[in-house]
Trainee: 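Quick one: the structure is below, questions incoming.
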Amino acid sequence: MKTRKGYKVYPLTKAQKFHLYYLEFCPKKEVLNIGTSVTIEVEIDWEVLKQSIYKAYERCESMRLRLAQDKDGTWYQYVVDKEERDIEFVDFTGVSMEEAERTMEGWTQVPFEHQDSPLNRIVMISMPDGHNGIYFLADHLTMDAQSLVCFMKDIIEIYCSAMYENVPYPSDMTSYIEQLKKDLAYEEGCKAKDRDTEFFHKLIESSEPIYNGLNGDELEKQRKRSKDPKLRAAVNVSDSVDSALDSFHLEEEPTRRLLDFCEEYHVSPATLLLMGLRTYFQKVNGNDDVSINSAIARRATLQEKKCGGTRIHSFPFRTIISKDKTFLEGLYEIRDKQNELFRHANFDPVEYFAHRGKTYPTEPGCTYEPMSLTYQPLSLRAKGLDKLGDIQYKTKWYPNGATTQAMYLTVMHRSTDNGLDFNFEHQIKAVSKEKLEYLYYYLCKILFKGIEDPKQTIGEIIDTV
């Protein structure tokens, strides 16, 4: 297949194939859906908003992406010239907030048709609380959280530049196709790819990780089931992919303390979160060796930041940090390992897990990682929308109802006060809300104990929380 409907077709990237990889094992295809809304506390000129959405489509190639499968079952992608679909409008002002949000949650749980079909949906919404704006649904094969925020921001800035004198028209998006060509050139083979392959193969082959569970007894139970006292991997998922989304909210002031600490000691919030989580698992399981899946956005350059699409690669992040090291030493060790991993993050995640599976054969369904973490640094306010003055706006994420992982934590900033929201998507049968409350409680205790005196040893913190 060279062209489709007159458009040049391109292979899928490794990031896209990673989504197809877990989609194969998931009976609920809505697992790829990302649903969100952004609303502002002002009256909206709906025609201006509609034209702003069309303009944003025009400026963002990945929003016009289509997929096509050939007769051999191989998927390709192409970009159409323009979107001509009507932009829907739904008035929720006559119903309760709960009913409005239930409706949008329902929209989020309808999978997209992949063959030659649009892979996003935008609805203009008028909410019962007096806020107005848009609901946005996208397929993960075409967008990740960062490109979604970037696109939403583009719509809002285009609209606001038309409506308000002091808001400038946004700078251009970059080309998805041009970035795609760079990614495909890397995947075809180059010295950088050889270096990345060598790095990850060496990392995997250095030694076998060990599973750390939420309760601390999961590995022992797996060893008894498998009749193998030396087993280091365990099953942590259930027989159902049905999921729930439970969120915990950290207030603005304690969030500010965490961010101030990060700034003072030159570590990222993601580094601090990883330190807190691994210390929790170290406390509960008694192992210095802890692995957590960590998502890497791969958006270092301006071209990558504004090209749209999905660029996330996710790898296990393993640290072996003894309890006699200080909290700060642990943070710096994580930071250095993250920097090393970032340099090689173009490596194929599917190949990572395939190579690890050959190196350390385990029973089907066994893993070494109890959870995944994503820290989402982008918020609309942080990206320039503070120019709107006192206009209040809200963002909300909606669960798609399915996950192939036992637990996925996304930490992001609230639009209202920049406090942190800890959003746990989890398999209902694998992880209970009570267990998440327990994890969140101890995570916060560890984080604030650690930043209070970062020269304390990890063992001292574990003993006092």
Trainee: With no hydrogens and no angle check, do the side chains of Ser37 and Tyr398 hold a donor and an acceptor under 3.5 Å apart?
Mentor: yes
Trainee: The criterion is ring-ring contact (aromatic ring centres under 6.0 Å, His included); which residues satisfy it with His201, sequence neighbours excluded?
Mentor: His355
Trainee: Using modelled atom types and a 3.5 Å cut-off, is there a donor and acceptor pairing between side-chain atoms of Ser372 and backbone atoms of Ser294?
Mentor: no
Trainee: Would you say that Tyr76 contacts Thr74 through its side chain, given a criterion of any heavy-atom pair below 4.5 Å between the two side chains?
Mentor: yes
Trainee: For residues Leu331 and Tyr265, determine if any side-chain heavy atom of one lies less than 4.5 Å from a side-chain heavy atom of the other.
Mentor: no
Trainee: When the ring centroid of Phe424 is compared with that of Phe248, is the distance short of 6.0 Å?
Mentor: yes
Trainee: With distance as the sole test, does Arg335 use its side chain to make a donor-acceptor pair with the main-chain N or O of His266 at under 3.5 Å?
Mentor: yes
Trainee: Using the salt bridge (Lys or Arg N to Asp or Glu O under 4.0 Å) rule, collect all pairs that involve residues 188-202, keeping only residues at least two apart or in two chains.
Mentor: none
Trainee: Of the non-hydrogen atoms in Phe151 and Met143, which two are nearest, and what is the gap between them?
Mentor: CB-CE, 3.9 Å
Trainee: Going by ring pair (Phe, Tyr, Trp, His ring centres under 6.0 Å), Phe347 matches just one of Phe353, Phe199, Phe200. Which one?
Mentor: Phe200
Trainee: For the residue pair Met173 and Asp154, establish whether any side-chain heavy-atom pair is separated by less than 4.5 Å.
Mentor: yes
Trainee: Quick test of your reading: applying salt bridge (Lys or Arg N to Asp or Glu O under 4.0 Å), list the pairs with at least one residue in residues 19-32, sequence neighbours left out, ordered by first then second residue.
Mentor: Lys28-Asp242
Trainee: List in chain and number order the residues that pass side chain to side chain donor-acceptor pair (under 3.5 Å) with Thr310, two or more places apart in sequence or in another chain; answer none if no residue qualifies.
Mentor: His19
Trainee: When you measure from the side chain of Asn33 to the backbone of Thr108, do you find a donor-acceptor pair of N or O atoms at a distance under 3.5 Å?
Mentor: yes
Trainee: Go through the side-chain N and O atoms of Tyr57 and Asn120 and say whether any donor and acceptor fall under 3.5 Å apart.
Mentor: yes
Trainee: Which heavy atom of Ile451 sits nearest to which heavy atom of Arg257, and what is that distance?
Mentor: CD1-O, 4.0 Å
Trainee: Could you point out which residue of Glu157, Arg59, Lys306 forms a side chain to side chain donor-acceptor pair (under 3.5 Å) with Ser171?
Mentor: Lys306
Trainee: Kindly indicate whether the side chain of Pro316, heavy atoms from C-beta on, has any atom under 4.5 Å from the side chain of Tyr352.
Mentor: yes
Trainee: Under the ring-ring contact (aromatic ring centres under 6.0 Å, His included) test, which residues partner Tyr186, sequence neighbours left out?
Mentor: none
Trainee: Give the minimum heavy-atom separation between Leu258 and Leu272, together with the two atoms involved.
Mentor: CD2-CD2, 3.9 Å
Trainee: Determine yes or no for a side-chain-to-main-chain donor-acceptor pair under 3.5 angstrom, with Ser117 supplying the side chain and His114 the backbone.
Mentor: no
Trainee: Over all heavy atoms of both residues, which pair between Leu12 and Leu184 is shortest? Give the atoms and the distance, please.
Mentor: O-CD2, 4.0 Å
Trainee: Checking Arg311 side chain against Arg299 main chain: does a donor-acceptor pair fall under 3.5 Å?
Mentor: no
Trainee: Can a donor-acceptor pair be found, under 3.5 Å and without considering hydrogens, that links the side chain of Gln16 to the backbone of Thr142?
Mentor: no
Trainee: To the nearest 0.5 Å, what is the distance between CD1 on Ile34 and OG on Ser147?
Mentor: 7.0 Å
Trainee: Tyr408: which residues meet the ring-ring contact (aromatic ring centres under 6.0 Å, His included) condition with it, sequence neighbours left out?
Mentor: none
Trainee: Report the residues that fulfil side chain to side chain donor-acceptor pair (under 3.5 Å) with Glu425, sequence neighbours left out, ordered by chain and then residue number.
Mentor: Ser243
Trainee: Consider only side-chain N and O atoms of Gln427 and Ser240, and report whether a donor and an acceptor are under 3.5 Å apart.
Mentor: no
Trainee: Which distance, rounded to the nearest 0.5 Å, do you find between the SG of Cys150 and the CD1 of Ile155?
Mentor: 11.0 Å
Trainee: Identify the two heavy atoms, one from Leu250 and one from Phe422, that lie closest to each other, and give their separation to 0.1 Å.
Mentor: CB-CE1, 4.1 Å
Trainee: Quick one: list whatever passes side chain to side chain donor-acceptor pair (under 3.5 Å) with Ser126, sequence neighbours left out.
Mentor: Asn132
Trainee: Please name all residues satisfying ring-ring contact (aromatic ring centres under 6.0 Å, His included) with Phe18, sequence neighbours left out, ordered by chain then number.
Mentor: none
Trainee: Under the side-chain hydrogen bond (donor to acceptor under 3.5 Å, both in side chains) rule, what do Asn293 and Tyr368 come out as? Steps first, then yes or no, please.
Mentor: CA-CA 9 Å; Asn293 280 321; Tyr368 304 99; over 6 Å; no
Trainee: Using a 3.5 Å distance criterion without hydrogens, assess whether the side chain of Arg64 forms a donor-acceptor pair with backbone atoms of Asp81.
Mentor: yes
Trainee: Is a side-chain N or O of Tyr375 found less than 3.5 angstrom from the main chain of Leu274, in a donor-acceptor match?
Mentor: no
Trainee: Enumerate the salt bridge (Lys or Arg N to Asp or Glu O under 4.0 Å) contacts for residues 102-112, please, sequence neighbours excluded, ordered by first and then second residue.
Mentor: none
Trainee: Output all residues satisfying salt bridge (charged side-chain N to carboxylate O under 4.0 Å, His left out) with Arg66, sequence neighbours left out; order by chain, then residue number.
Mentor: Glu83
Trainee: Rounded to the nearest 0.5 Å, how far apart are CG of Leu409 and OG1 of Thr374?
Mentor: 8.0 Å
Trainee: Under 6.0 Å from the CD atom of Glu113, do we count more than 12 heavy atoms belonging to anything else shown?
Mentor: no
Trainee: Less than 4.5 Å apart, side chain to side chain, heavy atoms only: is that true for Leu420 and Met412?
Mentor: no
Trainee: Calculate, to the nearest 0.5 Å, the distance between atoms CD1 and CH2 belonging to Ile53 and Trp46 respectively.
Mentor: 9.0 Å
Trainee: Considering residues at least two apart in sequence or located in another chain, which fulfil the side chain to side chain donor-acceptor pair (under 3.5 Å) criterion with Glu88?
Mentor: Arg121
Trainee: Please indicate whether Glu253 has more than 12 foreign heavy atoms, meaning atoms of other residues, nucleotides or ligands, lying under 6.0 Å from its CD.
Mentor: yes
Trainee: Can a donor-acceptor pair be found, under 3.5 Å and without considering hydrogens, that links the side chain of Lys305 to the backbone of Ala300?
Mentor: yes
Trainee: For the backbone of Cys307 and the side chain of Thr174, can you confirm whether one donor and one acceptor N or O come within less than 3.5 Å of each other?
Mentor: yes
Trainee: Can you tell me how far CD1 of Ile122 sits from CE of Met152, rounded to the nearest 0.5 angstrom?
Mentor: 8.0 Å
Trainee: Give me the atom names and distance for the closest heavy-atom approach of Ser291 to Asn212.
Mentor: N-ND2, 4.4 Å
Trainee: Can you measure from OG (Ser62) to CG (Leu141) and round to the nearest 0.5 angstrom?
Mentor: 12.0 Å
Trainee: Do the side chains of Lys82 and Glu84 get close enough for a salt bridge, i.e. N-O under 4.0 angstrom?
Mentor: yes
Trainee: Regarding Asp246 and His426, do their side chains bring together a donor and an acceptor under 3.5 Å, going by distance alone?
Mentor: yes
Trainee: Would you say that more than 12 heavy atoms from the other residues, nucleotides or ligands in this model lie under 6.0 Å from the CD of Gln303, or not?
Mentor: yes
Trainee: Would Asp183 and Lys14 satisfy salt bridge (charged side-chain N to carboxylate O under 4.0 Å, His left out), going step by step from the backbone distance to the final call?
Mentor: CA-CA 9 Å; Asp183 293 337; Lys14 297 299 185 190; over 6 Å; no
Trainee: Side chains of Arg298 and Glu304, heavy atoms from C-beta outward: is any pair under 4.5 Å?
Mentor: no
Trainee: Does Lys8 make a cation-pi contact with Tyr10, if we ask for NZ or CZ under 6.0 Å from the ring centre and within 45° of the axis?
Mentor: yes
